[in-house]
Amino acid sequence: MSSPELSVVVASVNGLPYLAGCLDALERHAPDAEVVVADWTDDSTRQLVRERWPRVRLLSFDEPRTVPELRAAGIFAAQAPHVAVIEDHCNVVDGWVERLLAAHEEGHPVVGGPIRNACTRRIRDWAAFFCEYSEFMEPVESGVVARLVGMNVSYDREALAAIGDLLEEGHWETSLHPRLRERGFELWSDPRVVIEHAKDFGLLEFASQRYHYSRSYAGMRNARLGGKRLLYALGSPLLVPLAYVRIAGHVRRRPGYGREFYRASPLVLLYAAVWAFGEAVGYVFGGGRSLLRVR
């Protein structure tokens with residue numbers, strides 16, 4: 001059997017049934033890829049992975065790990081020349097592997113694509129999707145871009161070497177990708193490199209995620225901001241209209257989402273307010289343990 005050209009790293013923090021759907025999709029659409037699951041959930045999830053998907057390389061962690069730490073562990077364990085990163089609530093589609101490898105073969109060291117919403121029945125799921133992925137929902141442009149989403153992206157080994165220290169320190173793509181651009185690596189967007197976001201958030205669950213994500217984000221910025229962080233805390237209410245306008249702009253530039261966004265707008269505003277509050281807390285009190293609660 002030839003060595004795989006692509007390793008797929010799955011950060012597993014949500015457990016079942018999401019991980020099962022993710023691995024089923026990889027089994028169907030990426031049968032030749034090396035799959036590395038970095039898991040911090042529970043013994044029953046890991047046992048099912050061992051029994052049902054024996055080819056998966058399973059990295060198990062009993063102590064709490066953040067999503068960036070799990071990603072990093074999987075990347076360092078991966079063996080293929082190209083390493084793609086997804087999460088347990090993401091399902092790859094037909095042609096995903098082929099398009100990634102084709103883009104790499106064309107000389108692009110960092111390749112990503114759009115996120116498609118697979119949870120469309122409820123307004124609260126659309127609200128969560130808009131808040132998380134409006135910038136990266138279909139259609140996306142083809143070519144060199146300034147930003148790629150962190151859970152549908154593939155790197156070659158040269159690109160990974162350039163961010164190895166940041167991976168070890170547990171940074172998100174908001175630090176990894178600017179580093180790559182600074183060092184001359186282009187971020188390449190391919191509209192056909194699609195994955196489906198398949199997590200149905202409860203209202204309180206997603207509000208909690210917004211709070212912990214934003215608090216941890218502010219906490220990580222404090223070292224650079226110094227005393228300015230208090231000014232940022234005072235200005236955090238401005239994030240509510242700014243976030244809504246930014247999301248609305250992403251929706252307006254993409255046909256077919258207007259009705260869902262209009263109906264989801266009250267929840268989008270609520271989640272924006274929660275984000276602003278989380279940032280304010282983070283700037284004043286630090287990130288605490290919020291990063292460990294991001295799913």
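The first residue in the sequence is number 1, and the count goes up from there. Note that the coordinates shown come from a computational prediction; the quantities given were computed from them, not determined experimentally.
Checking side-chain atoms of Thr41 against main-chain N and O of Gly15 turns up no donor-acceptor pair under 3.5 Å. Although no hydrogens or angles enter the test, the distance criterion places no donor-acceptor pair under 3.5 Å between the side chain of Ser134 and the main chain of Cys131. Of the possible donor and acceptor atoms, none in the side chain of Arg71 sits under 3.5 Å from a partner among the backbone N and O of Ala11. Using modelled atom types, one side-chain atom of Ser7 and one backbone atom of Ala80 make a donor-acceptor pair closer than 3.5 Å. Under a 3.5 Å cut-off, the side chain of Arg46 and the backbone N or O of Ser60 do not form any donor-acceptor pair. Side chain of Glu5 to backbone of Leu101: no donor-acceptor contact under 3.5 angstrom is found. Checked by atom type and distance alone, the side chain of Asp190 never pairs as donor or acceptor with a backbone atom of Gly112 at under 3.5 Å. Although no hydrogens or angles enter the test, the distance criterion places a donor-acceptor pair under 3.5 Å between the side chain of Asn152 and the main chain of Pro114. Listed for the Arg55 side chain is no donor-acceptor partner under 3.5 Å among the backbone atoms of Glu34.
Within a 6.0 Å sphere centred on CD of Glu135, heavy atoms belonging to other residues, nucleotides or ligands number more than 12. Surrounding CD of Gln47 are more than 12 heavy atoms belonging to other residues, nucleotides or ligands, all under 6.0 Å away. For Phe185, the CZ atom sits in a packed shell: over 12 heavy atoms of surrounding residues, nucleotides or ligands are nearer than 6.0 Å. Crowding of Phe285 atom CZ: a count of heavy atoms from other residues, nucleotides or ligands under 6.0 Å not exceeding 12.
Ring pair Phe261/Tyr244: centre-to-centre distance below 6.0 Å. Separation of the Trp126 and Phe130 ring centroids falls under the 6.0 Å cut-off.
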Legend entry - Trace of the side chain to side chain contact (heavy atoms under 4.5 Å, CB included) decision for Tyr217 with Glu279: CA-CA 7 Å; Tyr217 169 76; Glu279 277 207 27; 3.6 Å; yes
Inset, instruction - Would you check, one step at a time, whether the test side chain to side chain donor-acceptor pair (under 3.5 Å) holds for Tyr18 with Asp200? - result: CA-CA 10 Å; Tyr18 299 108; Asp200 51 346; 2.4 Å; yes
Inset, instruction - Determine, step by step, whether Leu70 and Ser12 satisfy the side chain to side chain contact (heavy atoms under 4.5 Å, CB included) criterion, reporting the C-alpha distance in whole Å, the side-chain angles of both residues, the deciding distance to 0.1 Å, and the verdict. - result: CA-CA 8 Å; Leu70 292 172; Ser12 172; 5.9 Å; no
Inset, instruction - Go through the steps to decide whether Asp42 and Thr45 satisfy the test side chain to side chain donor-acceptor pair (under 3.5 Å), and finish with yes or no. - result: CA-CA 6 Å; Asp42 52 59; Thr45 297; 2.8 Å; yes
Legend entry - Stepwise side chain to side chain contact (heavy atoms under 4.5 Å, CB included) check, Leu225 with Tyr232: CA-CA 9 Å; Leu225 293 174; Tyr232 278 73; 3.7 Å; yes
Inset, instruction - Go through the steps for Arg147 and Phe136 under the test side chain to side chain contact (heavy atoms under 4.5 Å, CB included), then give the verdict. - result: CA-CA 9 Å; Arg147 286 160 53 87; Phe136 304 105; 4.0 Å; yes
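For the atom pair Leu238 CG and Leu242 CG, the distance stands at 6.0 Å (nearest 0.5 Å). Taking CD of Gln209 as the reference point, atom CG of Leu204 lies at 12.0 Å (rounded to 0.5 Å).
Under the 4.5 Å side-chain criterion, counting only non-hydrogen atoms from C-beta, Pro64 is in contact with Arg289. Leu230 is not listed as a side-chain neighbour of Tyr283, based on a closest heavy-atom distance of 4.5 Å or more. Considering only heavy atoms from C-beta on, Val56 stays 4.5 Å or farther from Val10 through its side chain. Counting heavy atoms from C-beta outward, Arg65 and Leu59 have side chains that stay 4.5 Å or more apart. Within the 4.5 Å cutoff, side-chain heavy atoms of Val110 are placed close to those of Val153. Within the 4.5 Å cutoff, the side chain of Val85 has heavy atoms near those of the Tyr155 side chain. Residues Tyr271 and Phe201 have side chains not in contact (no heavy-atom distance under 4.5 Å, counting atoms from C-beta outward). Counting only heavy atoms from C-beta outward, the side chains of Asp39 and Phe61 never approach each other to under 4.5 Å.
Applying side chain to side chain donor-acceptor pair (under 3.5 Å) to Ser154 and the options His82, His104, Arg99 leaves one that passes, His104. Partner of Ile115 under the side-chain contact (heavy atoms from CB on, under 4.5 Å) criterion, chosen from Met151, Met137, Glu196: Met151.
Across Ala264 and Ile123, no two heavy atoms sit closer than the pair CA-CG2, 3.6 Å. Scanning all heavy atoms of the two residues, the minimum distance from Asn117 to Asp125 falls at ND2-O, 4.4 Å. Scanning all heavy atoms of the two residues, the minimum distance from Val194 to Trp96 falls at O-CD1, 3.3 Å.
Salt bridge absent: Glu87 and Lys199 never bring a charged side-chain N and a carboxylate O closer than 4.0 Å. With salt bridges taken as basic N to acidic carboxylate O contacts below 4.0 Å, one links Asp24 and Arg52.
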Side-chain donor/acceptor pairs under 3.5 Å, residues 138-146, sequence neighbours excluded:
unit_1 : atom_1 : unit_2 : atom_2 : d
Glu138 : OE1    : Arg116 : NE     : 2.8
Glu138 : OE2    : Arg116 : NH2    : 3.0

